[in-house]
Amino acid sequence: MNILGISSGFHDAGASVINTAGDILFASHSERYSKVKHDKNLCRDIILDAMEHGVDHIAYYERPWLKQVRRFISGEGFNLQDAYVKNLVFEQFGRQLDIPISTHNHHLSHAAAGFQTSPFERATVVVVDAIGELDCITIWGAEYRKGRAVYKKLWTRRYPHSIGLMYSAATAHVGLRPMDEEYILMGMAAYGKKNEQGKLLHELVRDFEQVKFNHNLHTGFDGVLSEELASMDHEDMAISVQTVTEVLLSSVMWHAANTKWSKNLVFMGGVALNCLANRNLGSYFDDFWIMPNPGDAGSSLGAAALVHGGRLNWQHPYLGHNIPGEYPVKELVKELTKNKIVGVASGRAEFGPRALGNRSLLADPRGPEIKDRVNEIKRRQKFRPFAPAILAEHVNDYFEMPKGWTRSDYMQVVARCTTDKFPAILHADGTSRVQTVPADSGSGFRQLLEAWYAKTGCPMLLNTSLNIRGEPMVNDRSDADRFEKQYGVRVVS
């Protein structure tokens, strides 16, 4: 039996297909096909790619009608049209193919996407996002019994008490797009000079130990903050809200650790993408796993996993659309040596928001001018950092990894850089968002780094996403051709 998992209707639609053996046959984002960033709808082309594998069951990542109840409670309105259309599409899809359809709890789909791809037999699962149907934070005990994953909810914080909504409110407050540019706010925090985390915590949070807020921040910071805080410089707001986020997440992790369920942590939900906060996980757990797509698109895999019931055969995140052919190592090294910057679009696309070598813009990290050159190509703010992708066995030669983090294969944590040899990947606070690339990475990117190291003695490359400004990452060769034409940078397949 092949199971199609779907997340759609609100933001970051995705689709995943797994088989009875637990193999992940396909997993991708609708935005990569529609070219609409954070596309909430499933477009035709992603469904066609998914359906090539054959489908016997459709699993949806949340309970649609319960979500509508929450929308009514929150004042967003009971959107009968959305709910009706969504259910009608699913019913017609199921009838047409004579396929059963199941719906699953939003946070449980997050939990399953994490636990059932993790290496653990038993784990404490923490899910933190903006909001599911009603849950904003959940802690689960997860284990396998007779080969099937079993989940027990141990702790929850419901709407409107949401760390994710607070971070999105701050994102909007500094003039960025909420539910999109939170990562820019995180990068901006390094430039803050006045950290008002104490005052901000007092004004926003009623009980930080229990993670309860004074206000419903779904509507933003307007009318919530004092004039002093509302008028802070954007950089100071960024460092302040980032620190408050870390304080609140520490409370959540304290609750999770004190359940005594397991010293293994699975961390999921959109907030798990906060690589600054992730530095602190080792203070609470011995080992941890963050699936590289912890947000809503990744929950398409979680919904399918819940139907499957058992462990999935996670090998790597290269699960999307395929650009066939051997990874072009020699051509990439040649282009890097000559021009210092090159794009690569080869093999299957990454499942997750971060480019990990198959849809990447790469550069030699050693030159002082490289960062500005890449920023010029990307048309983005000069304060934003770039990530180093490094041969895993060399990470400790150049970076001081946080407690508990021996590797970071999916760019999930920042580490302090211990050298000034690579200015292009060094952020203002002396850190870098590291991608370690192991021998079993599943991509030819590893062979590229090995060849680059052999030629130059440098074990890393600057790695950022290959995308046209305002669009999601490149998906197919036609996207790569458009990138080449628009920016004058070669993209090798």
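Computed from a predicted structure; not experimentally measured.
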**OP:** Check whether any side-chain N or O of K371 sits under 3.5 Å from a backbone N or O of P368 as a donor-acceptor pair, and report yes or no.
**Re:** no
Subject >> Crowding at CD, E400 (>12 non-hydrogen neighbours, <6.0 Å) >> reply: no
Original post:
Is I390 close to L449 at the side-chain level, that is, under 4.5 Å between some pair of heavy atoms?
Top reply: no
Subject >> OH-CZ distance between Y183 and R354, expressed to the nearest 0.5 angstrom >> reply: 10.5 Å
**OP:** Mind listing the closest non-hydrogen atom pair of V329 and G444 along with its distance?
**Re:** CG2-O, 4.1 Å
**OP:** Would you confirm whether the ring centroid of H234 sits within less than 6.0 angstrom of the ring centroid of Y191?
**Re:** no
Original post:
Does any non-hydrogen side-chain atom of M253 lie less than 4.5 Å from one of L265?
Top reply: yes
Original post:
Are a donor atom and an acceptor atom from the side chains of D23 and N19 found within less than 3.5 Å of each other?
Top reply: yes
Subject >> Side-chain donor-acceptor pair present, Y33, D49, cut-off under 3.5 Å >> reply: yes
Subject >> Short side-chain to backbone donor-acceptor contact, E31 and H38, under 3.5 Å >> reply: yes
Subject >> Exercise: do H107 and D129 side chains pair donor with acceptor under 3.5 Å >> reply: yes
Original post:
NE2/H321 to CZ/R348 distance, rounded to the nearest 0.5 angstrom?
Top reply: 10.0 Å
Original post:
Can you tell me if N339 uses its side chain to pair, donor with acceptor, with the backbone of I341 under 3.5 Å?
Top reply: no
Subject >> CZ on R177 to CD on E182, rounded to 0.5 Å >> reply: 10.5 Å
**OP:** Determine yes or no for a side-chain-to-main-chain donor-acceptor pair under 3.5 angstrom, with H110 supplying the side chain and G302 the backbone.
**Re:** no
**OP:** Show the numbers, then the answer: is there a salt bridge (Lys or Arg N to Asp or Glu O under 4.0 Å) between R490 and E331?
**Re:** CA-CA 11 Å; R490 189 177 177 203; E331 197 62 30; 2.6 Å; yes
**OP:** Kindly determine whether N358 and S346 satisfy side chain to side chain donor-acceptor pair (under 3.5 Å), including the steps that lead there.
**Re:** CA-CA 5 Å; N358 281 13; S346 179; over 6 Å; no
Original post:
For S102 and H57, does a side-chain donor sit closer than 3.5 Å to a side-chain acceptor?
Top reply: yes
Original post:
Can T124 and K263 be said to form a side chain to side chain donor-acceptor pair (under 3.5 Å), step by step?
Top reply: CA-CA 7 Å; T124 304; K263 293 297 287 181; over 6 Å; no
Original post:
Within the distance-only criterion (no hydrogens, no angle test), does the side chain of S168 pair as donor or acceptor with the backbone N or O of G164 below 3.5 angstrom?
Top reply: yes
Original post:
Shortest non-hydrogen contact from Y487 to R469?
Top reply: OH-N, 2.9 Å
Subject >> Side chain D364, main chain L461, donor-acceptor under 3.5 Å >> reply: no
Original post:
What is the ring orientation for H106 with Y61, classed by angle as parallel under 30°, tilted 30 to 60°, or perpendicular over 60°?
Top reply: tilted
Subject >> Main-chain N/O of P178 paired to E181 side chain as donor or acceptor, under 3.5 Å >> reply: no
**OP:** Go through the steps to decide whether S109 and S299 satisfy the test side chain to side chain donor-acceptor pair (under 3.5 Å), and finish with yes or no.
**Re:** CA-CA 5 Å; S109 293; S299 289; 5.5 Å; no
**OP:** Determine, for D180 against K37, whether the closest basic-nitrogen to carboxylate-oxygen distance falls under 4.0 angstrom.
**Re:** yes
Extract all donor-acceptor atom pairs below 3.5 Å that involve side chains of residues 419-427 and protein atoms in other chains or at least two apart in sequence.
| unit_1 | atom_1 | unit_2 | atom_2 | d |
| --- | --- | --- | --- | --- |
| T419 | OG1 | K421 | N | 3.2 |
| H427 | NE2 | G187 | O | 2.9 |

Original post:
Does the side chain of L466 come within less than 4.5 Å of V344's, by heavy atoms?
Top reply: no
**OP:** Check whether the side chains of N467 and K378 place a donor and an acceptor atom closer than 3.5 Å, and report yes or no.
**Re:** yes
Original post:
Going through the checks in order, is the side chain to side chain donor-acceptor pair (under 3.5 Å) test met by Q435 and N463?
Top reply: CA-CA 9 Å; Q435 177 193 359; N463 180 14; 2.9 Å; yes
**OP:** Side-chain contact test, heavy atoms from C-beta onward, threshold under 4.5 Å: evaluate it for W405 versus L281 and give yes or no.
**Re:** yes
Subject >> V333 versus W452, closest heavy-atom pair with distance >> reply: CG2-N, 4.3 Å
Original post:
Once you round to the nearest 0.5 Å, how far does NE2 of H394 lie from CG of L391?
Top reply: 5.5 Å
**OP:** For the residue pair F445 and Y327, categorise the inter-ring angle as parallel (less than 30°), tilted (30 to 60°) or perpendicular (more than 60°).
**Re:** tilted
**OP:** Answer yes or no: is there a side-chain heavy-atom contact under 4.5 Å between S432 and F399?
**Re:** yes
For residues 282-293, tabulate all N or O donor-acceptor pairs below 3.5 Å that involve a side-chain atom, not counting sequence neighbours.
| unit_1 | atom_1 | unit_2 | atom_2 | d |
| --- | --- | --- | --- | --- |
| W289 | NE1 | G114 | O | 3.1 |
| W289 | NE1 | T117 | OG1 | 3.1 |
| N293 | ND2 | H29 | NE2 | 3.3 |

Original post:
Taking D39 for the side chain and N41 for the main chain, is one N or O donor matched with an acceptor at less than 3.5 Å?
Top reply: yes
**OP:** Mark yes or no: R380 above the aromatic ring of F386, with NZ or CZ under 6.0 Å from the six-membered ring centre and no more than 45 degrees from the axis.
**Re:** yes
Original post:
Sub-3.5 Å donor-acceptor pair from the side chain of E121 to the main-chain atoms of E143, do we have one?
Top reply: no
Subject >> Sidechain N-carboxylate O distance under 4.0 Å for D481, R477 >> reply: yes
Subject >> S360 side-chain N/O to L362 backbone N/O, donor-acceptor pair under 3.5 Å >> reply: no
Original post:
Any idea which heavy atoms bring P459 and G457 closest together, and the distance?
Top reply: CD-O, 3.7 Å
